Asks: 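Just passing along the structure, written as structure tokens.
Not measured: the values here are computed from a predicted model. Hydrogens, waters and symmetry mates are skipped; everything else that's a heavy atom, side chains included, is used.
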Amino acid sequence: MELFYGLMLSVHFNLERNYNNFHPYIGASITDYLSIGAYYNSESHLSKFIALQIDLSEDVSIEGGLVTGYSHQKIQPMAKLTYKNVFISPAMENIDGRDNVGIVVGLDWRY
């Protein structure tokens, strides 16, 4: 098991609300593919996650799993495509009972 920490900076597209763009995080790699952790999310709450990461090349990876801490659902799926330290991820918000889909793009510095 290997511990890690880092910082993500993000920009939210096609979403109506204003969101936090600063996301410090901490976690642990359980195996080469499985990790768990927590981060300060876009809604300014603590999120806990479990994720599987698949490296497609030296610079490209995909990550998928489950995350807590968002108002849309108590536990929801997560997905992230990363190239070097740049990532893109789908996002969803609920505005007056209407689901709105957006995209989060950001930078991730893991230590």
Asks: Could you go step by step and tell me if His45 and Asn20 meet the side-chain contact (heavy atoms from CB on, under 4.5 Å) rule?
Replies: CA-CA 10 Å; His45 300 291; Asn20 172 46; over 6 Å; no

Asks: We want to know whether Tyr70 and Glu93 form a side-chain donor-acceptor pair, criterion being a heavy-atom distance below 3.5 angstrom.
Replies: no

Asks: Cut-off 3.5 Å, side chains only: do Asn94 and Asp99 have a donor facing an acceptor?
Replies: yes

Asks: Are any non-hydrogen side-chain atoms of Ile95 and Arg17 less than 4.5 angstrom apart?
Replies: yes

Asks: Salt-bridged, Arg98 to Glu16, with N to O below 4.0 Å?
Replies: yes

Asks: Report yes if some heavy atom in the side chain of Phe13 is under 4.5 Å from a heavy atom in the side chain of Val105; otherwise report no.
Replies: yes

Asks: Would you say Gln53 and Ser35 are linked by a side-chain donor-acceptor pair, where the criterion is simply a distance under 3.5 Å?
Replies: no

Asks: What's the separation between atom CD1 in Ile54 and atom CD1 in Ile62, rounded to the nearest 0.5 Å?
Replies: 4.5 Å

Asks: Once the angle between the rings of Phe49 and Tyr39 is folded into 0 to 90°, is it parallel (under 30°), tilted (30 to 60°) or perpendicular (over 60°)?
Replies: tilted

Asks: If you apply the rule side-chain contact (heavy atoms from CB on, under 4.5 Å), what do you find for Ile103 with Ile88, and how did you get there?
Replies: CA-CA 7 Å; Ile103 294 175; Ile88 186 168; 3.4 Å; yes

Asks: Under 3.5 Å, is there a donor on one side chain and an acceptor on the other for His23 and Asp108?
Replies: no

Asks: Counting only heavy atoms not in Phe4, do more than 12 sit closer than 6.0 Å to its CZ atom?
Replies: yes

